[in-house]
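Hydrogens, waters and symmetry mates play no part in the numbers below; they use all other heavy atoms, side chains included.
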Amino acid sequence: MYLADRSAPAPEGAKTAPDRGPVRAPAVASTVLALGAVSMITDISSEMVTAVLPLYLIAGLGLSPLGFGALDGVYNGVSALVQLTGGHLADRVRNHKLIAGIGYGLSALCKPLLLFAHSLGPISVILTLERTGKGLRTAPRDALISLSTPPELQGRAFGVHRAMDTTGALLGPLAAFLILSLTVDGYDAVFGVSACVAVLGVVVLMLFVPSGVAPVPTPPAASAKATPAKAASAKATPAKATAATARDADRPAPVRLRDALGLLRLPRLRNLAICAVLLGLTTVSDAFVYLLLQRRTGIGDQWFPLMPLGTAAVFLLLAVPAGALADRIGRRTVFLTGHALLLAGYALLLWAPAWPALPFLILALHGMFYAATDGVLPAAVAATVPGELRATGMALVGTGQALARFGCSLAFGAAWTLWGTGPALAAAAAGLLCCAAVAGFVLRPSAPQDTR
């Protein structure tokens, strides 16, 4: 399996520049822009809470690193498990917007409940429900993006969406910082404003995201599996074949659970899922990275909510260029480079001197890692899964990756508690190096034309 894809032929009517091949319009589909706006608003709400949550739980409620690792793992693990349900339901009912809307709505309903939860138990339940909403919406949303975009521009489309999403991740911590600075009951004020912003995101989804998208060409891997008997029948009786095709379009067959599980028989998708799991097992949670950076550099508590801004700013700047680069030179190369940058960030946290610029450098590497991986992976998945199972395929890979990160959060929290930060991070770095080498082998090009 490989992440690189061959360039698609120029569509009819495409303008051609002399000696430079076809020229494509840089614009992305309106569905992508609308979903990007929804994600941006929702991320402002979510990141306001996420930015203050580690400090609130550890400094405010006295939670241990092991306890926070368990909660953070559950926080992401629930979302991972629900992704499978969200993806399958979206494909089964053939209404990706409906399932995504339910997910966004559930997350919005949970935000005001944080105002009434001031102990670990209720907060855990609320965060679990909020992550359930995220799990429901993720696969249908990504499927809407891929189904509205030509295959050769998938990386750019996901890059645009992730850039808009990251704009919210940039503004959310900044809003939390300002609220904490200006109010007395800072945490409650953050949770209240977050709830209002989340409702706005749901309204934008309902008003501006279309319920359906225009069909795009089926990926080569899927179209290669067309039944020869159907092709022969179409040649023999074109009129009947046309009529049958029209009837099938009017009454699409329901997606069965067996069809969804059968996706794992696709070698390319299976290898992608394996690599996502391996690398997720050694990807330390963002919250742990920020806590490690604070302890390593002595940054004050009042500045802690601003740490995600560094990651988000770099992600925002590089998400679209990284996606376009992946479309051009191959997704495998960009994807593995992103994990190499993350490994460099781990190394700096472990061994770099206490330079004044160290926090900025680590956060920059962290943002570059996300820019090179977060949109590239779903773009690669979209190239391997037929359109009628697109949300399910994305959910399978996303679930595997998120469950692996759940395991990493538990293991890293336990290692931090038992051995300290240095040995825990060193073990994660060594594991990332080994898993990246394995992923590079599994995702290697299998044909000369795919080596780019």
Check for a donor-acceptor pair, side chain of [X] on one end and backbone N or O of [Y] on the other, with a separation under 3.5 Å.
X: Tyr370; Y: Leu316; answer: no
X: Thr282; Y: Leu279; answer: yes
X: Ser45; Y: Ser194; answer: yes
X: Arg390; Y: Val385; answer: yes
X: Thr138; Y: Gly135; answer: no

- Residues His339, Cys435; criterion side chain to side chain contact (heavy atoms under 4.5 Å, CB included); working and verdict: CA-CA 10 Å; His339 285 87; Cys435 291; over 6 Å; no
Exercise: identify the closest heavy-atom pair between [X] and [Y]:
X: Pro378; Y: Asp142; answer: CB-OD2, 4.3 Å
X: Ile99; Y: Pro140; answer: CG2-CG, 3.9 Å
X: Val49; Y: Val190; answer: N-CG1, 4.4 Å
X: Pro359; Y: Leu293; answer: CA-CD1, 4.0 Å
X: Leu269; Y: Gly393; answer: CD1-O, 4.3 Å
X: Gln154; Y: Ser146; answer: NE2-O, 3.1 Å

Mind checking the [atom1]-[atom2] spacing from [X] to [Y]? Nearest 0.5 Å is all I need.
X: Ser30; Y: Phe208; atom1: OG; atom2: CZ; value: 12.0 Å
X: Thr337; Y: Arg332; atom1: OG1; atom2: CZ; value: 9.5 Å
X: Lys111; Y: Thr42; atom1: NZ; atom2: OG1; value: 7.5 Å
X: Ser46; Y: Ile41; atom1: OG; atom2: CD1; value: 12.0 Å
X: Phe191; Y: Cys196; atom1: CZ; atom2: SG; value: 14.0 Å
X: Leu205; Y: Arg141; atom1: CG; atom2: CZ; value: 11.0 Å

- Would you please test Ser285 and Ser409 for side-chain hydrogen bond (donor to acceptor under 3.5 Å, both in side chains) and show each step? CA-CA 6 Å; Ser285 166; Ser409 289; 4.5 Å; no
- Message: If you apply the rule side chain to side chain contact (heavy atoms under 4.5 Å, CB included), what do you find for Met48 with Val193, and how did you get there?
- Response: CA-CA 9 Å; Met48 287 176 65; Val193 175; 3.7 Å; yes
Got [X] and [Y] here, is their nearest side-chain heavy-atom distance under 4.5 Å?
X: Phe315; Y: Leu170; answer: no
X: His96; Y: Leu147; answer: yes
X: Thr283; Y: Cys408; answer: no
X: Met40; Y: Asp165; answer: no
X: Ser148; Y: Val32; answer: yes
X: Leu207; Y: Val203; answer: yes
X: Ile145; Y: Thr31; answer: no
X: Gln401; Y: Leu377; answer: yes

- Message: Let's go through Leu33 and Met164 carefully: what are the C-alpha distance in whole Å and the side-chain angles of both, what is the deciding distance for side chain to side chain contact (heavy atoms under 4.5 Å, CB included) to 0.1 Å, and is it a yes or a no?
- Response: CA-CA 8 Å; Leu33 297 176; Met164 297 180 71; 4.2 Å; yes
- Partner residues of Asp374 under the salt bridge (Lys or Arg N to Asp or Glu O under 4.0 Å) criterion, sequence neighbours left out: Arg162
- Item | Test item: side-chain donor near acceptor, His88 and Thr392, under 3.5 Å |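 No, no side-chain donor-acceptor contact under 3.5 Å.
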- Check the pair Thr311, Tyr290 against side-chain hydrogen bond (donor to acceptor under 3.5 Å, both in side chains), reporting the backbone distance first and the verdict last. CA-CA 10 Å; Thr311 298; Tyr290 302 140; 3.2 Å; yes
- Task: Dump the intermediate steps for side-chain hydrogen bond (donor to acceptor under 3.5 Å, both in side chains) on Ser39 and His161, then the final yes or no.
- Result: CA-CA 8 Å; Ser39 293; His161 174 267; 2.8 Å; yes
- May I have the step-by-step check of side chain to side chain contact (heavy atoms under 4.5 Å, CB included) for His366 and Leu342, ending in yes or no? CA-CA 6 Å; His366 201 224; Leu342 179 63; 4.1 Å; yes
- Query: Under 30°, 30 to 60°, or over 60°: which ring-plane class applies to Trp416 and Phe412, parallel, tilted or perpendicular?
  - Reply: perpendicular
- Message: The test is side-chain hydrogen bond (donor to acceptor under 3.5 Å, both in side chains); show your working for Arg156 and Thr149 and say whether it passes.
- Response: CA-CA 9 Å; Arg156 176 176 296 181; Thr149 305; over 6 Å; no
